[in-house]
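First up is the structure itself, then whatever we jot down about it.
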Amino acid sequence: MAGQALSLPRILLSGDAALTVEFSSKIDPEANRRVLALDRAIAEHGLNGVRETVPTYRSLLVHYDPVVTDYDNIRQRLLELAERPAPEIPPGRRWRIPVVYGGEYGIDLEDVARAHDMTPDDVVRRHTEGDYCVVMLGFMPGWAYLTGLDPLLATPRRQNPRTFTPAGTISIGGVQAGVQCLAAPSGWHLLGRTPARTYDIQRQPIFMLEPADMVNFYAIPENEFADMNRAAEAGELVAEQVK
Amino acid sequence: MAKLVIGTVSPATSVQDAGRFGAQRYGLTQSGAMDAFALACANTLVGNSLFTAAIEVGPLGGTFTARGGALRLALSGSMRQASIGARQLTLNESALLADGESLTLTPARTGSFTYLALEGGVQGEPVFGSLSVNMRSGLGSPYPRPLQSGDEINIAEAQPLAHERKLELPAETERPIRVVMGPQDDEFGEATELFLKSDWTLSAASDRMGFRLEGPVIKHNGGHNIVSDGTVSGSIQIPGNGQPLVLMPDRGTTGGYPKIATVIGPDLRRIAQTQVGKKLRFKAMTITEAHVEARRYAKFLASLPGLLREARGSAFNLDALQSANIAGAAVSAMDSVTWQPSPADETSTP
C-alpha cells in the first residue's frame with residue numbers, strides 16, 4: 001500500500017567490508033523485487049563508501065570501504081532505503097535465445113524426459129513455452145539464474161555435479177533454469193546449448209543479460225548452430241532482443 | 001624496451017594486481033593478488049603505485065631473464081632464496097637485472113606467493129581496470145592464463161630510481177586469523193564454538209578459488225544448502241562435509257553454502273600465505289574492532305613509502321636458507337595451464 005513502510009530486512013555481516021541485506025531466506029519473487037529496488041535506490045541516491053553491489057534471489061550484497069564509512073552509518077542508511085516503498089521497476093528487456101536441444105548438445109534431455117514420464121519433445125515444448133525472468137547473475141561471468149521454469153520440469157540437481165559442462169549450456173536445476181556462457185562445473189541437467197554469448201569482453205555490451213530481463217527460448221535445428229556460433233564469435237548477439 | 005622472459009616457472013604463477021571491481025553483479029570474478037600487502041610492498045620498492053600489476057610467483061619458484069635492456073625489480077611476500085648469478089638478493093629490497101641476466105627463485109620456504117614487481121609495471125590491456133589473470137573467465141593480460149616458459153612480459157616506461165631501496169617492515173608475530181562471525185553463523189549454533197576453538201590444517205586441495213581446511217566436522221543446524229547469495233574474499237563456507245572452505249580472490253561471486261564467518265581484510269594475506277599442511281586458528285572480533293583493524297591496515301599501506309630506506313645494492317648472504325625445509329611449500333592443487341576442476345567448485349557450482 002502506498003506510503004506504508006515495508007518490513008525491515010535482516011542486515012548480516014559479511015566481514016569488515018561488506019554487508020548482506022537479506023529480504024528472505026527463500027526463493028521469493030517479492031524478496032527479489034525488493035532486492036532489485038534497493039539495488040536501484042543505492043545506484044540512484046548514491047551511498048557514501050559503497051564500492052559495488054551484488055543482487056541475488058533474496059539478498060543484496062553491499063561491498064563498502066570501511067575507511068570511508070562505518071557499520072552503524074551504512075546499516076542505518078541501507079535500512080532507510082529498504083524501508084521505503086519500492087519504486088515500480090520498469091519491466092526488463094525481453095530476449096529470445098536460440099537453443100539446439102538434445103543429442104550431444106543436451107546430453108540430459110532424455111533422462112529428464114524419462115524422469116518426468118514425458119517424451120523429449122514434451123520437455124522441449126515446456127521449456128520453450130516458459131516465460132523466464134533473470135533473477136541473478138552469479139558464480140561465473142554471464143551465468144544467468146532464471147525463474148519461470150514449468151513446475152512439471154522441476155528436477156533435483158545431480159547427486160554428483162559434473163566438473164565440466166560446455167560453454168553455452170542451457171540447463172535446469174531444481175525449480176530454476178540457467179544460461180551459462182563459459183565452460184564450468186555444474187550439477188544441473190543439460191537440455192541444450194545456445195550459440196549466444198551472455199558474456200564477451202570483445203563486444204559491446206560485454207554482458208547481454210541484466211537482472212529483471214525476461215527470456216524465452218526457441219529451438220533451432222542442429223545445422224544452424226555452426227553459422228550462428230560463427231556470428232556470435234564475430235561479436236553478434238545472436239539472441240534477439242524483442243523489446 | 002626491456003622485457004622479462006619467463007624461463008622455468010612454478011605452477012600458479014600469474015600476473016595480478018588489485019583485481020576487478022564493479023562487475024561482480026554480472027558474475028565477473030574479482031581475482032587479484034592473493035597477498036595484496038606483499039604486492040604493495042614490492043611495487044613501493046620500485047617506485048610504482050601500490051597495486052600495479054606484478055608477477056605473483058607460485059610456491060615452486062622459477063627463472064626470469066631480462067632482454068632488450070636492464071630492468072629494476074623487487075621481491076616481497078613468501079620467503080625464498082633469490083639470486084642473479086652469484087649475487088644473492090634480499091626480499092623487500094630493489095635490484096637491477098642487467099640485459100641478459102637471469103633471476104632465479106627457489107621454492108618458497110615460508111608462505112606460498114612471492115611478488116615480483118617491475119619498475120614501470122607489467123604492460124598489458126586492462127579489462128575492468130585490471131590485468132589480473134582469471135583463466136576460467138578468459139581474462140588477464142598480457143596472457144589470459146598462468147605464465148609459461150617462453151612468455152614475454154613487456155614493461156611500461158618509468159623514470160628510473162636513482163638508487164636501490166629497501167623496506168624495513170615490522171616483524172610479524174604468529175597469531176590467529178581474525179574473523180567477523182556471519183553472515184550465516186546462526187545456521188550453526190554451538191558448532192561456532194567448535195569452529196573457533198579448533199586447530200585447522202590447510203589441505204592440499206587448495207587453489208586461488210578457495211583454501212580448504214581439515215579438522216573437526218562443523219555440523220549445520222538445518223540443511224547445508226542455502227539459496228545462493230553473494231560471497232566476498234574471506235567468506236568461510238561450510239559445505240555438506242563440515243570442512244571449511246575459505247573463499248579466495250578467484251572465487252565464484254555467489255555460493256550456495258552457509259558462511260559461518262568472514263576473514264577480515266587485513267588477515268586475508270595471512271591465510272593466503274599459509275602453507276599446505278600447516279595449522280591455523282581463528283579468532284572472532286566484533287565489527288567495530290574489525291573496522292579499527294581495517295583503518296590501521298589502510299594507514300599502514302599508505303605509510304609504506306615512508307618506510308623506504310636507501311639500500312647499497314645488496315649482497316646479503318642467504319646460505320642459511322639453503323638448508324631450510326621447503327617441502328611444505330608445494331600447493332599441489334594449484335591450477336596451472338589447462339582447465340581443471342577446482343576443489344572450491346562444489347560450494348559455488350550451480
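The sequence lines fix the lettering, A, B, ..., with proteins before strands; numbering per chain opens at 1.
Between A/D16 and B/R178 no salt bridge is recorded (no basic side-chain N to carboxylate O distance below 4.0 Å).
Rounding to the nearest 0.5 Å places CG of A/L12 at 7.0 Å from CG of B/D186. How far CG of B/L139 is from CD1 of A/I201: 5.0 Å, rounded to the nearest 0.5 Å.
Judged purely by atom type and a 3.5 angstrom limit, A/E52 has no side-chain atom pairing as donor or acceptor with the backbone of B/F21. One N or O on the side chain of A/R58 and one on the backbone of B/V227 form a donor-acceptor pair closer than 3.5 Å. Panel note: side chain B/R295, backbone A/P66; a donor-acceptor pair is recorded below 3.5 Å. Side-chain N or O atoms of B/D229 include none that pairs as donor or acceptor with a backbone N or O of A/S59 at under 3.5 Å. Under a 3.5 Å cut-off, the side chain of A/S14 and the backbone N or O of B/P183 do not form any donor-acceptor pair. Side-chain N or O atoms of A/Y199 include one that pairs as donor or acceptor with a backbone N or O of B/S137 at under 3.5 Å. No donor-acceptor pair under 3.5 Å is formed between the side chain of B/Q24 and the backbone N or O of A/T53.
Heavy-atom pairs under 4.5 Å with chain B were tallied for A/D39, A/T198, A/L60; the largest tally goes to A/D39. Taking chain A as the reference chain and counting heavy-atom pairs below 4.5 Å, the highest number among B/G22, B/A261, B/A290, B/G234 is found for B/G22.
Shown here is A/Q241, whose CD atom has more than 12 heavy atoms of other residues, nucleotides or ligands within 6.0 Å.
For the residue pair A/E210 and B/Y26, the shortest heavy atom distance occurs at OE2-OH, 2.8 Å. Taking every heavy atom of both residues into account, A/P141 and B/L28 meet most closely at CG-CD1, 3.9 Å. Here the closest heavy-atom approach between residue A/Y64 and residue B/H291 is recorded as OH-NE2, 3.0 Å.
For A/T20, the part lying under 4.5 angstrom from a heavy atom of chain B is the side chain only. Interface residue A/L61: only side-chain heavy atoms are found under 4.5 Å from chain B. With a threshold of 4.5 angstrom between heavy atoms, B/T231 approaches chain A through N, CA, C or O but not through any side-chain atom. Proximity to chain B is limited to the side chain of A/L182, based on heavy atoms less than 4.5 angstrom apart. Neither the backbone nor the side chain of B/M285 comes within contact range of chain A, judged by heavy atoms closer than 4.5 Å. Residue A/D65: no heavy atom, backbone or side chain, is found under 4.5 Å from chain B. Within the 4.5 angstrom heavy-atom criterion, only side-chain atoms of A/I206, from C-beta onward, approach chain B.
Note: B/F128 and A/F207 have tilted aromatic rings, judged against thresholds of 30 and 60 degrees for the angle between ring planes.
Considering only heavy atoms from C-beta on, A/M136 comes within 4.5 Å of B/T254 through its side chain.
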